[in-house]
Novice: 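My structure is below; once you've seen it, I'll send some questions.
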Amino acid sequence: MAACRCAVILLVVLIWGDFSLAPAESKRPEADAPPQPARDAADSFVKTEVPGAHDDGVPAQAGEEPVLGEAETLQPREPEPRPQDEFQEELVIRPLLSGDIYSSFQFRTRWDTDLLHQGKKVSHYRLFPKSLGQVISKFSVRELHISFTQGYWRTLQWGQPFLPAPPGAELWVWFQDSVTDVDGAWKELTNVLSGIFCASLNFIDSTNTVQPSASFKPLGIGNVTDQRFLRYAVLPREIVCTENLTPWKKLLPCGSKAGLAVLLKSEKLFHSSFHSQAVHIRPVCQDGQCSRTSWELRQTLSVVFDLYASGQNKKEWSLFKMFSRTLTEPCPLASSSKVYVDVTDNPQGELFELSPATSTLSQAVVLGDRRTYSVYDLRDPESFGILRSLNVLLKWKGQDNGDMLRPLLHAERYVGGYGLQTGDIHTLIYNHHPFRAFPVLLLETVPWYLRLYIHTLSVTSKGHENKPSYINYQPSKDRLRPHLLEMLLQLPPNSVTKVTVQFERALLKWTEYTPDPNHGFYVGSSVLSALVPSVVAMDTNSTNDRPLFSSFFPCLEESGYFMRVYTEPLLVNLPTPDFSMPYNVICLTCTVVAVGYGSLYNLLTRTFQVEEPSGGMAKRLANTIRRLRGVPLL
């Protein structure tokens, strides 16, 4: 027994010496290397029994080496996986048949960690922005989607965008089911985001916040679909400017110093027909089995450059003409940096000429159609050429560019009626598919000062009544919450579905009017969510490596793809009092007070003195003569 014990002790000493004992000169850290702890290798092993006690139960004394028993073994400890992050950037350029250019930036930061269920607080951030990570942890956010848009997307002229957004500011958030006070967290979150993005999100309150029951389902993984943890709000009057773009660019790992972000020049981006920037945060799967989750931050920026607004006399586009800069290097932290140019409508080069030419072509299924793209890989030095600069030049050849194909789903909205008491809201939904019918989920959010008459709701398609299969209506409360109307409609093939509802305008208090009340009051865009039939089979495998612009919305069916469409915002006039009357009253009152008070004050403060009247020249001459004659004076 003693021999076995000695053998075990000798084995432990040898192992311990291999991992923890080193020559004296090896323990001295070099001048250019940080000191390493001597127990790093030994810490990777744990004992099955608690060390520090002998076989006889007597505790080991201080400084005494612990002795391992016969039943004690050494087992390797699995190293904890260190959080990994990845950054990708893409630029998609799509020439429109109208002569305009649609440019879409996609920046994705993926972090393989869990910000919500870790035992300790995450304090180390590498690529993922710390400000957004702290927001997710503090407010227990499941998904966050925010967009700032200036202008309206012209669907009939430009087709469908990669990621739609309504005019103004839009924010919708899914909270974790562990949040007890969702309204309080929502209020604090809007104020924090208002400071991060330098926007007017602090004006979001209960009067413009709704809880949709069927729209805006989670885009990431998770089974949290309880509408109590969803909040949606839109500010259609929000103005987008440089103050919103600057903090958006600071969230990128390289900022605007390298990579595709160097093209984001504010004076060029805002001198366009359409501009939209967005931030989307959601949890995604790390692998096909979805054993672990990752956090995905996707920053998108879409801009449409108008040929006439840019002041160009010929249809010739380039990166320098659009952004006043060229590409010189990719972001050093990016694992993928590419530029895609859509050449689907230009197979033989009859519409436009692309320079420098590239032989790298890629095909992707986008919005139900197979598209072909010329690819410029910024991580390949050959893409920059001899000048070490990439300036993609697109020169149109044809004069008559034709018409763009009509999208399968399109919507419009306008206000009808006359006077300032009642009116109608008309929503037109177009299904241009020749033989396929599909359902559409319509979401209407109307402010409380437009009092809807829900009994006047009518839905017609091809002159016949189209009864909704699902209706969710939440009436408004004055100065507390807006109207919420959700309907599931079946759109017949090649038809126009008209949704009409009447409303009455409320009379506001004089303190509730905006500084420019005669301009009107904005009503947010309607939202249409639909699974549109696809021309080609969609790829439902989300783990495949695909371009970022083609893999945002989850695809569950091969025969259709998910699409979200926004209508125009409405501008409604309300009964407005004549605000010049108070001005006239104030002026008249001030005049009366000034005259009356001035006269009274003059009478009360003036000193009166009696003064003898003096005679004239004739009286003085007469008194002189009378004095000479000795007669009494007059």
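Residue numbers run from 1 in the order of the sequence given.
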Novice: For F562 and F438: C-alpha separation, side-chain torsions, deciding distance, then whether ring pair (Phe, Tyr, Trp, His ring centres under 6.0 Å) applies.
Specialist: CA-CA 12 Å; F562 180 79; F438 53 87; over 10 Å; no

Novice: How many angstroms lie between atom CG of L457 and atom OH of Y473, to the nearest 0.5 angstrom?
Specialist: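 It comes to 10.0 Å.
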
Novice: Can a salt bridge be assigned to the pair E296 and R298 using a cut-off of 4.0 Å between side-chain N and carboxylate O?
Specialist: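 Result for this pair is yes, salt bridge flagged.
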
Novice: Hydrogens and angles aside, do S461 and T497 bring a side-chain donor and acceptor to less than 3.5 Å of each other?
Specialist: yes

Novice: Taking the six-membered ring for Trp and the single ring otherwise, decide whether the centroids of F270 and H275 are under 6.0 Å apart.
Specialist: yes

Novice: Between R108 and E89, is there a side-chain N and carboxylate O pair less than 4.0 Å apart?
Specialist: no

Novice: Parallel, tilted or perpendicular, judged at 30° and 60°: which one describes the rings of Y453 and H455?
Specialist: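 Judged by the thresholds at 30° and 60°, the geometry between Y453 and H455 is tilted.
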
Novice: Looking only at atom types and distance, does a side-chain atom of Q227 sit under 3.5 Å from a main-chain N or O of A214, one as donor and one as acceptor?
Specialist: no

Novice: I want to check something: taking the side chain as every heavy atom from C-beta on, are Q106 and Q299 in contact at a cut-off of under 4.5 Å?
Specialist: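 Heavy-atom side-chain distance check fails, nothing below 4.5 Å.
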
Novice: With side chain to side chain contact (heavy atoms under 4.5 Å, CB included) as the test, would you mind laying out the steps for F503 and V415 before giving the verdict?
Specialist: CA-CA 10 Å; F503 65 89; V415 178; 4.1 Å; yes

Novice: Could you give the distance from CD1 (I281) to CD1 (I146), rounded to the nearest 0.5 Å?
Specialist: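 So the gap between those two atoms works out to 9.5 Å.
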
Novice: Could you check whether atom NZ of K249 has more than 12 heavy atoms from other residues, nucleotides or ligands sitting under 6.0 Å from it?
Specialist: yes

Novice: Specify the closest pair of heavy atoms between I204 and A233, including all atoms of both residues, with the distance to one decimal.
Specialist: CG2-CB, 3.6 Å

Novice: When rounded to the nearest 0.5 angstrom, what distance separates CD1 in I586 from OG1 in T591?
Specialist: 11.5 Å

Novice: If we ignore angles and hydrogens, is there a donor and acceptor under 3.5 Å between the side chains of Y470 and S213?
Specialist: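 S213 and Y470 do have a side-chain donor-acceptor pair below 3.5 Å.
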
Novice: Any non-hydrogen side-chain atom of R142 less than 4.5 Å from a side-chain atom of P283?
Specialist: yes

Novice: Strictly distance-based, threshold 3.5 Å: is any side-chain N or O of E504 a donor or acceptor partner for the main-chain N or O of T422?
Specialist: no

Novice: What class does the angle between the rings of F579 and Y513 fall in, given that below 30° is parallel, 30 to 60° is tilted and above 60° is perpendicular?
Specialist: perpendicular

Novice: Compute both the distance and the angle, then confirm whether R94 meets the cation-pi test with F162: under 6.0 Å from the six-membered ring centre, within 45 degrees of the axis.
Specialist: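 Checked: cation-pi criterion met.
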
Novice: Does the T155 side chain pair with the main chain of H410, one donor and one acceptor, at a distance under 3.5 Å?
Specialist: no

Novice: Mind checking the CD1-OG spacing from I93 to S104? Nearest 0.5 Å is all I need.
Specialist: 10.5 Å

Novice: When you measure from the side chain of K462 to the backbone of V496, do you find a donor-acceptor pair of N or O atoms at a distance under 3.5 Å?
Specialist: no

Novice: Using the ring centroid of each side chain, check whether W153 and F274 are separated by less than 6.0 Å.
Specialist: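 Yes, the ring of W153 comes within the 6.0 Å limit of the ring of F274, centre to centre.
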
Novice: Between R237 and G520, what is the shortest heavy-atom contact and its length?
Specialist: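 Heavy-atom minimum between the residues: NH1-O, 4.5 Å.
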
Novice: Given the rule in the side-chain hydrogen bond (donor to acceptor under 3.5 Å, both in side chains) test, do T500 and D424 qualify, once you have shown the distances and angles that lead to the verdict?
Specialist: CA-CA 7 Å; T500 305; D424 305 324; over 6 Å; no

Novice: Report the residue from T109, V279, L144 that forms a side-chain contact (heavy atoms from CB on, under 4.5 Å) with L132.
Specialist: V279

Novice: Between the main-chain N or O of A199 and the side-chain N or O of S194, is there a donor-acceptor pair closer than 3.5 Å?
Specialist: yes

Novice: So for atom CZ, which belongs to F203, do other residues, nucleotides or ligands contribute more than 12 heavy atoms lying within a distance under 6.0 Å?
Specialist: no

Novice: Evaluate the criterion ring pair (Phe, Tyr, Trp, His ring centres under 6.0 Å) for residue pair Y125 and W111; output intermediate values, then yes/no.
Specialist: CA-CA 10 Å; Y125 292 83; W111 193 13; 5.1 Å; yes

Novice: Would you say that E486 contacts I471 through its side chain, given a criterion of any heavy-atom pair below 4.5 Å between the two side chains?
Specialist: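 The answer is no; the side chains never approach within 4.5 Å.
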
Novice: Please give me the minimum heavy-atom distance between L269 and L264, naming the atom from each residue.
Specialist: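 Closest approach of L269 to L264: CD1-CA, 3.8 Å.
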
Novice: Under the side chain to side chain contact (heavy atoms under 4.5 Å, CB included) rule, what do L428 and Y414 come out as? Steps first, then yes or no, please.
Specialist: CA-CA 9 Å; L428 303 179; Y414 59 92; 4.1 Å; yes

Novice: So which atom in S525 and which in P166 form the shortest heavy-atom distance, rounded to 0.1 Å?
Specialist: OG-CB, 3.9 Å

Novice: Just do the side chain to side chain contact (heavy atoms under 4.5 Å, CB included) check on L485 and T445 with the steps written out, would you?
Specialist: CA-CA 7 Å; L485 177 61; T445 304; over 6 Å; no

Novice: Find out whether Q277 and L245 are in side-chain contact, i.e. whether some heavy atom of one side chain is under 4.5 Å from a heavy atom of the other.
Specialist: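 SC-SC contact between Q277 and L245 confirmed.
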
Novice: Got a second to check how far S131's OG is from L251's CG, nearest 0.5 Å?
Specialist: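 Answer rounded to 0.5 Å: 5.5 Å.
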
Novice: Would you say L260 and F107 make side-chain contact, with heavy atoms under 4.5 Å?
Specialist: yes

Novice: Under the 3.5 angstrom rule, does the side chain of S137 hit a backbone N or O of Q134 as a donor-acceptor pair?
Specialist: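 It does not hold such a pair.
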
Novice: Just by distance, do the side chain of E188 and the backbone of A185 share a donor-acceptor pair under 3.5 Å?
Specialist: no

Novice: For the side chain of D181 and the backbone of G184, is there at least one donor-acceptor N/O pair under 3.5 Å apart?
Specialist: yes

Novice: Any donor-acceptor pair under 3.5 Å linking the side-chain atoms of S476 with those of R481?
Specialist: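 Looking only at side-chain atoms, S476 and R481 do not form any donor-acceptor pair under 3.5 Å.
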
Novice: Roughly how far, to the nearest 0.5 Å, is CG of L189 from CZ of F175?
Specialist: 5.0 Å

Novice: Taking the six-membered ring for Trp, are Y102 and F305 closer than 6.0 Å centroid to centroid?
Specialist: no

Novice: Compare all side-chain heavy atoms of S458 with those of E465 and state whether any distance is below 4.5 angstrom.
Specialist: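 A side-chain contact is absent here, since even the closest heavy-atom pair is not under 4.5 Å.
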
Novice: Hey, are R231 and D183 close enough for a salt bridge, meaning a charged N less than 4.0 Å from a carboxylate O?
Specialist: yes

Novice: Under the 6.0 Å and 45° cation-pi test, does R564 pair with W172?
Specialist: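 Yes, R564 and W172 form such a contact.
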
Novice: Given side-chain hydrogen bond (donor to acceptor under 3.5 Å, both in side chains), test E444 with T427 step by step and report yes or no.
Specialist: CA-CA 10 Å; E444 292 273 3; T427 304; 3.0 Å; yes

Novice: Spell out, as yes or no, whether a donor-acceptor pair under 3.5 Å connects the side chain of N244 to the backbone of F197.
Specialist: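 Checking the backbone N and O of F197 against the side chain of N244, a donor-acceptor pair under 3.5 Å is found.
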
Novice: Could you report the tightest heavy-atom contact between P447 and Y522, atom names first, then the distance?
Specialist: CG-O, 4.3 Å

Novice: Would I136 and F128 count as a side chain to side chain contact (heavy atoms under 4.5 Å, CB included) here? Give the steps.
Specialist: CA-CA 12 Å; I136 295 174; F128 200 91; 4.2 Å; yes

Novice: Could you go through T567 and E412, starting from their C-alpha distance and side-chain angles, then the distance that decides it, and tell me whether this counts as side-chain hydrogen bond (donor to acceptor under 3.5 Å, both in side chains)?
Specialist: CA-CA 5 Å; T567 63; E412 297 176 353; over 6 Å; no

Novice: Are the side chain of N466 and the backbone N or O of Q490 linked by a donor-acceptor pair below 3.5 Å?
Specialist: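 At least one qualifying donor-acceptor pair exists.
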
Novice: Run the numbers on Y232 and E170 for side-chain hydrogen bond (donor to acceptor under 3.5 Å, both in side chains), then give the verdict.
Specialist: CA-CA 8 Å; Y232 173 80; E170 182 192 38; 3.2 Å; yes

Novice: Hey, is R451 close enough to D478 for a salt bridge, meaning N to O under 4.0 Å?
Specialist: yes

